[in-house]
*Asks:* 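I am attaching a structure below and will ask some questions about it afterwards.
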Amino acid sequence: MNALFPLLASPDDRVVLRVGEASLTAKELARRCVAHARALEARGVTQGAHVGVWTQASLDTCVALIANAATGFVTVPLDPKLGPRELGHVAADSRPVLSLAADPAAVAGRLPGVPVAPLTLEGADGSVPWRTADRAPLLILYTSGTTGLPKGALIAASSVAFDLDGLARAWRWTHEDTVVHALPLFHVHGLVVGLFGALRAGGALHWLPRFEPGLVAEALGARRSMFFAVPTMYHRLSEAASQSPALVAALQSARVLVSGSAALPQRDQLRLEQLTGKRVIERYGLTETLINTAVRVGAPFPPGSVGRPVDGLELKLFDDDRRPTLPGAMGEIAVRGPNVFLGYLNRPDATAAVLDAEGWFFTGDLGTVDGDGHVRIVGRRATDLIKCGGYKVGAGEVEAALLEHPSVREAAVVGRPDADLGERIVAFVVVSAPVEPKALEDHVAALASPHKRPREVHVVTELPRNAMGKVVKSRLP
Ligand code: MCA
Ligand code: AMP
């Protein structure tokens with residue numbers, strides 16, 4: 001079976017990782033991976049154990065994520081901004097034996113019952129058996145649902161390898177490419193496609209832990225660069241580029257500009273095209289399936305297309321009763337292939353709801369497929385899922401956090417169209433005592449992740465309800 005990251009088995013002296021002023025060659029990275037595996041073994045951590053990695057802004061974080069994957073440990077990525085509710089749940093659900101941090105003091109005691117250890121920085125001689133692209137868990141990625149706490153999606157090494165190889169073919173991605181991205185490393189986009197993708201292709205990654213158009217412009221100078229971002233970032237880049245010839249030149253120099261995690265508005269696509277002469281290409285995925293479709297580099301594609309299924313993946317549209325739709329009709333997108341996850345950790349009920357006996361994964365996204373196989377996303381089944389800045393947020397999670405505030409009696413949360421964020425989180429609350437909207441925003445940002453905070457809070461006297469007493473969100477003002 002093939003190695004997950006072939007480059008580590010025969011590393012060279014090329015720089016493969018860059019974060020700020022720090023960088024590592026493939027040889028240095030391989031040595032760090034060996035040292036990492038030895039250090040975990042010395043602590044009694046066995047192969048297949050769950051190991052948390054705090055995704056702090058550091059090159060060492062990238063090394064820990066790669067080393068865990070390359071040497072047989074299952075990573076639970078931990079956003080340092082997760083709130084106490086989420087951390088308590090992740091700790092109890094995934095039970096990491098240990099968590100690793102570039103700056104342990106900054107996260108000490110935050111993951112209940114799980115010790116935090118520093119990363120191993122010393123190199124080591126010798127070798128370790130490198131992880132193959134087998135069908136055992138590689139990652140546990142937490143993803144929000146409409147209600148309840150986030151679910152841990154179990155992603156196999158073979159899924160990652162299959163998907164990345166499909167994307168490499170779609171984008172002609174080779175060892176000569178340097179990926180530039182400013183995405184967080186605790187989701188599929190930044191971690192799997194960005195970090196693991198660059199290494200599996202045998203190329204390089206330049207990670208920007210913070211998104212800023214000026215930093216993107218500086219980083220895109222590499223000979224053959226690929227830029228990955230969410231639509232909010234392209235929106236902000238299109239605004240900044242209209243004032244910055246340097247940014248326009250940098251975007252023009254990139255070999256490909258790829259957008260994903262949410263729909264790229266045509267307005268931003270056209271504005272960037274007018275400024276740079278380049279079309280951003282889209283790809284579509286989910287945490288549970290990794291990337292399903294991608295526009296092919298060098299091939300024509302209709303406006304609004306998220307591309308065709310990656311090679312080897314089946315994609316079909318189904319109606320409300322899960323029967324295949326007629327050609328040309330809209331339906332729920334379902335996919336089947338090696339990229340589909342192993343299931344949700346400890347949640348066979350939730351797994352059975354999305355994965356049927358024939359291996360079809362039901363995405364909840366509504367789409368169409370044209371005669372050439374180009375997929376368009378036209379909507380989503382669940383109105384209680386909000387995509388804000390590319391982050392998936394369950395309305396129920398935000399409502400639960402709001403209801404923990406002593407002054408909030410009732411809460412209803414919806415996503416509303418937003419030119420910058422795609423959707424912004426809007427909350428309607430009935431209160432038992434006067435409270436400032438900003439205080440409620442801060443309350444959610446402190447209890448859950450800051451990106452789950454409502455950007456607008458409206459205090460109302462009552463929520464619209466039907467005869468059964470259920471809130472009718474479509475009747476909110
Ligand atoms: C703001 N902040 C606060 C508060 N308000 N902190 C505490 N309390 C508050 N009330 C902090 C934030 O933590 C953040 O800090 C800073 O202020 C700005 O916050 P925010 O406004 O939320 O950030 P933004 O500027 O709106 O962020 C836009 C963004 C971000 C950079 C585009 O949304 C982003 O990184 N999105 C990427 C999401 C992603 O990777 N999704 C992939 C999912 P600080 O600046 O220090 O952080 S995977 C997926 O969808 C599938 C598989 C796929 O297809 O890819
Ligand atoms: P997540 O679970 O955070 O990975 O989010 C997955 C969801 O993001 C999908 O179900 C889609 O609704 C959305 N998504 C991802 N990529 C795209 C895209 N290119 N266009 C539209 N929606 C997208």
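Atoms within each ligand, like the ligands themselves, are counted from 1 in listed order. This chain uses plain numbering: 1 for the first residue, then up along the sequence.
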*Asks:* Below 6.0 angstrom between ring centroids: does that apply to Tyr142 and Phe186?
*Replies:* no
*Asks:* Hey, does Val306 sit under 4.0 Å from ligand 2 if you only count heavy atoms?
*Replies:*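 It does; at least one heavy atom falls under 4.0 Å.
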*Asks:* Polar contacts were defined as any N/O atom of the residue lying under 3.5 Å from an N/O atom of the ligand; does this apply to His187 and ligand 1?
*Replies:*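 No, His187 has no N/O under 3.5 Å of an N/O on ligand 1.
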*Asks:* Looking only at protein heavy atoms, which one is nearest to atom 9 (C) of ligand 1, and what is the separation?
*Replies:* Ala445 CB, 3.6 Å
*Asks:* What residue and atom, counting heavy atoms only, is the protein's closest point to atom 30 (C) of ligand 1, and at what distance?
*Replies:*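 For atom 30 (C) of ligand 1, the nearest protein heavy atom is Tyr391 CE1, 3.8 Å.
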*Asks:* Side chain or backbone of Leu286 under 4.0 Å from ligand 1, or both, or neither, by non-hydrogen atoms?
*Replies:* backbone
*Asks:* Considering only the protein, which heavy-atom contact is closest to atom 1 (P) of ligand 2, and what is its distance?
*Replies:* Thr287 OG1, 3.4 Å
*Asks:* So which bit of Pro450 gets within less than 4.0 Å of ligand 1, heavy atoms only: side chain, backbone, both or neither?
*Replies:* side chain
*Asks:* I need the nearest protein heavy-atom contact for atom 21 (O) of ligand 1: residue, atom name and distance, please.
*Replies:*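 Of the protein heavy atoms, Arg453 NH2, 3.0 Å lies nearest.
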*Asks:* If I apply the N/O under 3.5 Å rule, does Tyr284 come out as touching ligand 1?
*Replies:* no
*Asks:* For atom 10 (N) of ligand 1, what's the nearest protein heavy atom and its distance?
*Replies:* Asp442 OD1, 2.8 Å
*Asks:* Could you find the nearest protein heavy atom to atom 16 (N) of ligand 2 and give me its residue, atom name and distance?
*Replies:*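 Scanning the protein heavy atoms, the shortest distance from atom 16 (N) of ligand 2 goes to Ser261 N, 3.2 Å.
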*Asks:* Measure the spacing between CZ of Phe227 and NE2 of His206 and express it to the nearest 0.5 Å.
*Replies:*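 If I round to the nearest 0.5 Å, the distance is 11.5 Å.
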*Asks:* Between ligand 1 and Arg455, can you find any atom pair, the residue atom being a heavy atom, that is separated by under 4.0 Å?
*Replies:*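 Contact present.
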*Asks:* Heavy-atom contact under 4.0 Å between Arg236 and ligand 1?
*Replies:* yes
*Asks:* In terms of the angle between their ring planes, are Tyr391 and His451 parallel, tilted or perpendicular, with boundaries placed at 30° and 60°?
*Replies:* parallel
*Asks:* If the contact criterion is a heavy-atom separation under 4.0 Å, does Pro184 count as touching ligand 1?
*Replies:*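 True for this residue.
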*Asks:* At a 4.0 Å cut-off, with the gap strictly under it, does some heavy atom of Arg210 reach an atom of ligand 1?
*Replies:* no
*Asks:* For atom 19 (N) of ligand 2, what's the nearest protein heavy-atom neighbour? Residue, atom name and distance, please.
*Replies:* Arg283 O, 2.8 Å
*Asks:* Using a distance-only test with no angle check, is there a side-chain donor-acceptor pair under 3.5 angstrom linking Glu288 and Tyr344?
*Replies:*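 Per modelled atom types, Glu288 and Tyr344 side chains form a pair under 3.5 Å.
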*Asks:* Starting from atom 14 (C) of ligand 1, which protein heavy atom do you reach first, and at what distance in Å?
*Replies:* Lys81 NZ, 3.6 Å
*Asks:* How far is atom 10 (O) of ligand 2 from the closest protein heavy atom, and which atom is that?
*Replies:* Asp365 OD2, 2.5 Å
*Asks:* Nearest heavy atom to atom 7 (C) of ligand 2: which of His187, His189, Arg380, Lys387 does it belong to?
*Replies:* Lys387
*Asks:* List the closest protein heavy-atom neighbour of atom 31 (C) of ligand 1: residue, atom name, distance to the nearest 0.1 Å.
*Replies:* Met233 CE, 4.0 Å
